[in-house]
Amino acid sequence: MASWSSDTPCSCDCFVSVPPASAIPAVIFAKNSDRPRDEVQEVVFVPAGTHAPGSRLQCTYIEVEQVSRTHAVILSRPSWLWGAEMGANEHGVCIGNEAVWTKEPVGEGEALLGMDLLRLALERSSSALEALRVITDLLARYGQGGSCREDPTPFCYHNTFLLADRTEAWVLETAGRLWAAQRIQEGARNISNQLSVGTDISAEHADLRTRALAQGWWDGQSTFDFAQVFSLTQQPVRMEAAKARFRAGQQLLQQQQGGITAEVMMGILRNKESGICMDSGGFRTTASMVSILPRDPTQPCVHFLTATPDPSRSVFKPFIFGAGAAQAPQVLSPTFGAQDPVRTQPRFQTQVDRRHTLYLRHQVALGLIESEQDRGQQLWQKQRDLEQEGLEAARRLLAGEQVPPPQELGGLFQAFVERESQVYA
């Protein structure tokens, strides 16, 4: 099974700001999901649930044991798979993942995708640390593997994760079933398709150093640097490019230290010069997310999701968990049941149209922005005005100036999706 080729995408970027880096007493999380250019990403709301003892859960490729209770989640995911590229749960836990290749070989068998691990952690955890433990426990039991794109040519990788909650963040980086993690209690941090946990290791797999020693990757005497020890000696071209993007992300965060807001994070995700907002080689930023996680547990977390590609020409729409939270049908892709190419064997031999309603309307809008300067500028301005309304609503809510009833809060995302659809009508 192929794991990497010269035209393989490997360019997601995750960011987090923990006070005092944030401008407000809140953790700010952000991610750009960079995927095959025509892949559709949908936004899926899954309510909390209870499950019978002994229940099994079908993930993208394999089944796992279900737990007795799962938390409500909002997910941004490639519409052909079960897991997610990024998301949040009702307890204010946010996770984003990234592709990475290390000295540990990528397995050829189907197991849990990193995106499956991400969703499972959101459904089963109430803190970033608990989410980390869920992922590492599942890694130990089931491993990670399987193709990560909807294509007959397999594309496989291991994963790094950025996990955040109201109080802190964790960077979790894996190499097969092995892993190392770094706790972030203050300041800003980013990850970009490479190992970045060095000597500052807060937790690790029990056999991590034993494996490195046995393979001759570490002498057992020098200071153990996870990234240095487990990174490939010769990096693929795109992973070398990821280093430049990682440094650019660091600099953009550093420039805003102490003043990082959701809007600042949106600006970083829209930065094309750095490659963070990407569109090249058949791949682009297919969806984006920014979350505000207030330190005050009485305040709601606010999650902004695009559900459309290219954040520089998309609208970040606010989602808040509440009594009225429900699936917005305009951002849900069609389903194909047992005939779905991901379900038939061999997989991915045919193609289906997974575009949801908002995606279709957004594509028409992008065409206008690119081809008709005056009308395109007007449309772009309407996008920004709508987004500003969402940001202002979040600001008033967190400042205690305007607190709508729970039913109205839960329906906020749906309302903004409908208004964006009207902008494109």
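Numbers here simply count residues along the sequence, with the first being 1. What you see is a predicted model; the values in this text were computed from it and never measured.
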Exam field: side chain [X] to backbone [Y], donor-acceptor pair closer than 3.5 Å:
X: Glu90; Y: Ala72; answer: yes
X: Asn271; Y: Ile276; answer: no
X: Ser33; Y: Ala287; answer: no
X: Gln299; Y: Leu398; answer: yes
X: Thr261; Y: Val264; answer: yes
X: Asp116; Y: Gly83; answer: yes
X: Gln327; Y: Val43; answer: yes
X: Asn193; Y: Cys12; answer: yes
X: Arg284; Y: Pro36; answer: no
X: His158; Y: Val100; answer: no

What are the two closest heavy atoms between [X] and [Y], and how far apart are they?
X: Pro300; Y: Pro294; answer: O-CG, 3.4 Å
X: Tyr359; Y: Pro309; answer: CE1-CD, 3.8 Å
X: Glu110; Y: Ile62; answer: O-CG2, 3.6 Å
X: Ala164; Y: Val27; answer: CB-CG1, 4.2 Å
X: Gln144; Y: Gly176; answer: NE2-O, 2.8 Å

How about [X] and [Y]: does a side-chain donor come under 3.5 Å of a side-chain acceptor?
X: Gln41; Y: Ser76; result: yes
X: Ser55; Y: Gln66; result: no
X: Asp165; Y: Ser127; result: no
X: Gln381; Y: Asp385; result: yes
X: His303; Y: Ser291; result: yes
X: Thr344; Y: Gln349; result: no

So how far is it from [X] [atom1] to [Y] [atom2], rounded to the nearest 0.5 Å?
X: Phe226; Y: Ser231; atom1: CZ; atom2: OG; answer: 7.5 Å
X: Met278; Y: Asn32; atom1: CE; atom2: CG; answer: 10.0 Å
X: Leu132; Y: Trp170; atom1: CG; atom2: CH2; answer: 6.0 Å
X: Leu172; Y: Gln182; atom1: CG; atom2: CD; answer: 11.5 Å

Partner of Ser314 under side chain to side chain donor-acceptor pair (under 3.5 Å), chosen from His362, Glu387, Arg270: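 One option only clears the test, and that one is His362.
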CA sep, side-chain torsions, deciding dist, call: Val16, Cys14, side-chain contact (heavy atoms from CB on, under 4.5 Å): CA-CA 7 Å; Val16 70; Cys14 294; over 6 Å; no
Evaluation steps, side-chain contact (heavy atoms from CB on, under 4.5 Å), between Leu122 and Met86: CA-CA 10 Å; Leu122 288 174; Met86 50 201 169; over 6 Å; no
Tyr424/Gln383 under side-chain hydrogen bond (donor to acceptor under 3.5 Å, both in side chains): CA gap, chis, key distance, verdict: CA-CA 9 Å; Tyr424 304 146; Gln383 287 182 323; 2.7 Å; yes
Glu85 side chain near Met115 side chain, heavy-atom distance below 4.5 Å: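 They are in contact (side-chain heavy atoms under 4.5 Å apart), so the answer is yes.
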4.5 Å side-chain heavy-atom contact, Phe15 and Ile28: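 No; the side chains remain at least 4.5 Å from each other.
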Heavy-atom count around [X] [atom1] within 6.0 Å, excluding the residue itself: above 12?
X: Gln339; atom1: CD; answer: no
X: Gln373; atom1: CD; answer: no
X: Arg69; atom1: CZ; answer: yes
X: Glu372; atom1: CD; answer: yes
X: Glu370; atom1: CD; answer: yes

Candidate pair Ile135 and Leu163, rule side-chain contact (heavy atoms from CB on, under 4.5 Å), full reasoning: CA-CA 11 Å; Ile135 291 174; Leu163 312 95; 4.0 Å; yes
Pair Leu386-Glu420, side-chain contact (heavy atoms from CB on, under 4.5 Å): steps then yes or no: CA-CA 8 Å; Leu386 181 60; Glu420 184 182 2; 3.8 Å; yes
Kindly assign one of parallel, tilted or perpendicular to the pair [X] and [Y], based on the angle between their ring planes and the thresholds 30° and 60°.
X: Phe321; Y: Phe45; answer: tilted
X: Tyr61; Y: Trp80; answer: tilted
X: His71; Y: His91; answer: perpendicular

Passing candidate, side chain to side chain contact (heavy atoms under 4.5 Å, CB included) with Arg119, options Val46, Ile95, Val44: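 Among Val46, Ile95, Val44, the one meeting side chain to side chain contact (heavy atoms under 4.5 Å, CB included) with Arg119 is Val46.
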Residue among Arg35, Arg347, Arg354, Arg343 satisfying salt bridge (charged side-chain N to carboxylate O under 4.0 Å, His left out) with Glu150: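 Considering Arg35, Arg347, Arg354, Arg343, a salt bridge (charged side-chain N to carboxylate O under 4.0 Å, His left out) with Glu150 is found only for Arg354.
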Test side-chain hydrogen bond (donor to acceptor under 3.5 Å, both in side chains) applied to Glu263 and Gln388, step by step: CA-CA 9 Å; Glu263 197 164 6; Gln388 281 300 317; 2.7 Å; yes
N-O pairing of Glu98 and Lys31 below 4.0 Å: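 Answer for the salt bridge query: no.
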Side-chain ion pair, Arg149 and Glu39, N-O less than 4.0 Å: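 Here Arg149 does not pair with Glu39 in a salt bridge, since their nearest N and O are not under 4.0 Å apart.
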